[in-house]
Amino acid sequence: MADAKRALITGITGQDGGHLAALLHEKGYEVFGLIRGQNNPRREQVVAEFPFVTLIEGDLIDPTSLVRAVEVSDPHELYNLAAISHVGYSFKNPTLTADVTAKGVLNVLEAVRITGRAQHTRVYQASTSEMFGGLDYNRPGAGYNENSLFHPRSPYGVAKLYGHWIAKNYRESYDMFVACGILFNHEGERRGVEFVTRKITHAVARIKLGLQPNIELGDLWPKRDWGYAGDFVEGMWRMLQHTEPDDFVLATGETHSIEEFLTLAFAEIGIDDWKPYVVQNPAFMRPAEVDILLGDPTKAEQVLGWKRKVDFPGLVKLMVEHDLADQARKAAIA
Ligand code: NAP
Ligand code: F7E
């Protein structure tokens with residue numbers, strides 16, 4: 001392992017952190033993961049699933065811990081995936097969201113710079129399609145690309161926009177290799193159950209097994225450009241292998257409503273009409289909504305040779321199949 005590339009992943013316990021750790025390990029990297037808290041409940045799962053990852057305790061809001069993490073791992077590549085990432089939660093906790101999702105990015109960049117690694121460590125910043133906002137006046141027909149206007153619609157989106165611009169600023173000011181991936185929604189079997197796709201597939205599996213009667217959701221009309229997380233982390237890695245640091249949109253180029261997601265998910269368990277199983281609950285509605293997101297991944301496809309592999313029906317199917325097996329196993333143990 002003496003010559004292996006070293007990568008530090010913040011957000012190792014999250015969806016993308018897991019997919020990325022697996023990918024980098026497969027590519028021969030020595031992988032380090034920043035883990036938050038004295039006794040993070042997800043530590044055990046990370047250790048069991050990814051025993052090859054060296055965990056380093058730290059927090060995005062604690063600059064000293066980030067300096068230490070960078071010194072301990074001395075990374076060739078740093079993937080900054082950590083964030084308060086739930087849009088609904090960000091409305092309830094906007095100050096914490098700003099501290100972690102906005103200022104946390106600055107703390108990471110500073111840790112790289114002040115430890116003298118500005119020219120040694122390539123940084124990936126997890127920017128997001130939530131920066132666009134989905135409003136009529138700035139919605140391009142062919143989808144948002146790297147030059148589209150930003151109009152974030154949540155404390156999360158606003159915080160991410162700060163992270164995006166401070167990352168670009170460090171690229172321009174200190175000649176750092178900082179790439180920003182403007183990623184549209186990506187889902188899968190590792191997605192947290194607080195996000196709508198996994199909430200649905202988790203509930204569909206439990207309804208099929210007689211473990212719950214229905215599912216409570218907010219608005220069903222919003223549309224998202226939903227891809228598979230496994231495909232998207234491959235795009236993150238490609239951004240850091242490119243000759244120049246740049247911004248890239250990763251998306252599928254298709255948009256679908258939550259209703260369409262429900263139709264495909266319930267069809268997987270042989271139910272054609274999902275309406276009797278869905279209860280609308282205003283608690284899951286947001287003060288401001290992003291109506292529709294559609295991305296244009298042309299630049300990533302042409303410059304990085306990236307292309308998503310899993311399509312929308314394939315994504316729904318793999319998530320429902322995973323949750324059916326997972327819930328059946330848990331029910332058997334209980
Ligand atoms: P996720 O599953 O919510 O994971 C977020 C990670 O951030 C978790 O590991 C969490 O760790 C960590 N974290 C939260 N607060 C922290 C803090 N103060 N210090 C250190 N770590 C902290 O998110 P994801 O879906 O993997 O997304 C990865 C990144 O891409 C995020 O920045 C997200 O905003 C962005 N993004 C996601 C999507 C998407 O569709 N998934 C699209 C565009 C951009 P704990 O275990 O400690 O909570
Ligand atoms: O909501 C609606 C909700 O929370 C999708 C994050 O990874 O992607 C994600 O943000 C849509 C919204 O994802 C429920 O109002 C209805 O219109 O799954 P979500 P998101 O807000 O698109 C972006 C790109 C990120 O960067 C974020 O980090 O679904 N919706 N009913 C619901 N959403 C949730 N969570 N729960 C419901 O019950």
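Note: hydrogens, waters and symmetry copies are ignored here, and every other heavy atom, side chains too, is used. Residue indices begin at 1 and follow the sequence shown. Indexing begins at 1, ligand by ligand and atom by atom, following the structure's order.
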Q. Which ligand 1 atoms are under 4.0 Å away from a heavy-atom of Ala126?
A. 29 (C), 30 (O), 32 (O), 35 (C)
Q. Has ligand 1 got any nitrogen or oxygen that is less than 3.5 angstrom from a nitrogen or oxygen of Gly17?
A. no
Q | Nearest protein heavy atom with distance in Å, relative to atom 46 (O) of ligand 1 | A | Thr13 OG1, 2.5 Å
(Q) My understanding is that we take every heavy atom of each candidate and find the minimum distance to atom 41 (N) of ligand 1. Doing that for Glu187, Arg224, Arg191, which one comes out nearest? (A) Arg191
**Q.** Non-hydrogen atom of Arg190 closer than 4.0 Å to ligand 1
**A.** no
Contacts table for residues 195-204: side-chain donor-acceptor under 3.5 angstrom, sequence neighbours left out:
residue	atom	partner	partner atom	Å
Thr197	OG1	Glu187	OE1	2.4
Arg198	NE	Asp323	OD1	3.2
Arg198	NE	Asp323	OD2	3.0
Arg198	NH1	Glu189	O	3.2
Arg198	NH1	Arg191	O	2.8
Arg198	NH2	Asp323	OD1	2.7
Lys199	NZ	Glu216	O	2.9
Thr201	OG1	Arg198	O	3.4
Thr201	OG1	Asp323	OD2	2.7
His202	NE2	Gln327	NE2	3.3

**Q.** Ser127 heavy atom under 4.0 Å from ligand 1
**A.** yes
Q. Taking atom types as modelled, is there a side-chain donor on Asp225 or Thr255 under 3.5 Å from an acceptor on the other?
A. no
Q) Heavy atoms only: which of Ala251, Gly14, Ala69 is nearest to atom 4 (O) of ligand 1? A) Gly14
(Q) Minimum heavy-atom separation for Phe177 and Leu240, please, with both atom names. (A) CE2-CD2, 3.9 Å
Q) Are any of the N/O atoms in Leu183 less than 3.5 Å from those in ligand 1? A) no
**Q.** ligand 1 contacted by His86 (non-hydrogen, < 4.0 Å)
**A.** no
Q | For Gly11, the ligand 1 atoms whose distance to one of its heavy atoms is below 4.0 Å | A | 6 (C), 7 (O), 9 (O)
Q: Would you kindly specify which portion of Glu130 sits under 4.0 Å from ligand 1, judged on non-hydrogen atoms: side chain, backbone, both or neither?
A: neither
(Q) Please compare Tyr79, Tyr156, Tyr89 and report which has the shortest non-hydrogen distance to atom 35 (C) of ligand 1. (A) Tyr156
Q. Counting heavy atoms only, which of Ala83, Gly37, Gly33 is nearest atom 14 (C) of ligand 1?
A. Ala83
Q) Has Phe232 got any heavy atom lying under 4.0 angstrom from an atom of ligand 1? A) no
Q | Geometric N/O contact Asp59 with ligand 1, under 3.5 angstrom | A | yes
Q. Is a side-chain donor or acceptor of Gln280 paired with a backbone partner of Gly218 at a separation under 3.5 angstrom?
A. yes
Q: Just let me know how Val100 lines up against ligand 1, side chain, backbone, both or neither, with a heavy-atom cut-off below 4.0 Å.
A: side chain
Q. Is it true that atom NZ of Lys92 has more than 12 heavy atoms of other residues, nucleotides or ligands lying nearer than 6.0 Å?
A. no
(Q) Any salt bridge linking Arg117 with Glu77? Criterion: basic side-chain nitrogen under 4.0 Å from a carboxylate oxygen. (A) no
Q: Report the member of His186, Met236, Arg42, Arg36 with the shortest heavy-atom distance to atom 16 (C) of ligand 1.
A: Arg36
Q) Is any N or O atom of Gln15, backbone or side chain, closer than 3.5 Å to an N or O atom of ligand 1? A) yes
Q. Is Asn80 close to ligand 1, meaning an N/O of one under 3.5 Å from an N/O of the other?
A. no
Q | Cation-pi, Tyr29 ring and Lys5 (6.0 angstrom, 45 degrees) | A | no
For ligand 2, list every N/O pair with the protein closer than 3.5 Å, one pair per line with the distance.
residue	atom	partner	partner atom	Å
ligand 2	4 (O)	Arg286	NH2	2.8
ligand 2	7 (O)	Arg191	NH1	3.2
ligand 2	7 (O)	Arg191	NH2	2.9
ligand 2	8 (O)	Asn185	ND2	3.0
ligand 2	15 (O)	Glu289	OE1	2.6
ligand 2	17 (O)	Arg224	NH2	3.1
ligand 2	17 (O)	Glu289	OE1	3.2
ligand 2	17 (O)	Glu289	OE2	2.9
ligand 2	18 (O)	Val196	N	2.8
ligand 2	21 (O)	Arg286	NH1	2.6
ligand 2	22 (O)	Asn185	ND2	2.8
ligand 2	22 (O)	Arg224	NE	2.8
ligand 2	26 (O)	Thr128	OG1	2.6
ligand 2	26 (O)	Tyr156	OH	2.7
ligand 2	28 (O)	Ser85	O	2.6
ligand 2	28 (O)	Tyr156	OH	2.8
ligand 2	31 (N)	Gly218	N	2.8
ligand 2	35 (N)	His86	NE2	3.4
ligand 2	35 (N)	Glu194	O	2.8
ligand 2	38 (O)	Lys199	NZ	2.7

Q: Pick one of side chain, backbone, both or neither for how Thr10 approaches ligand 1, counting any non-hydrogen atom pair under 4.0 Å.
A: neither
Q: Assess the pair Phe232 and Trp306: is the distance between their ring centroids shorter than 6.0 Å?
A: yes
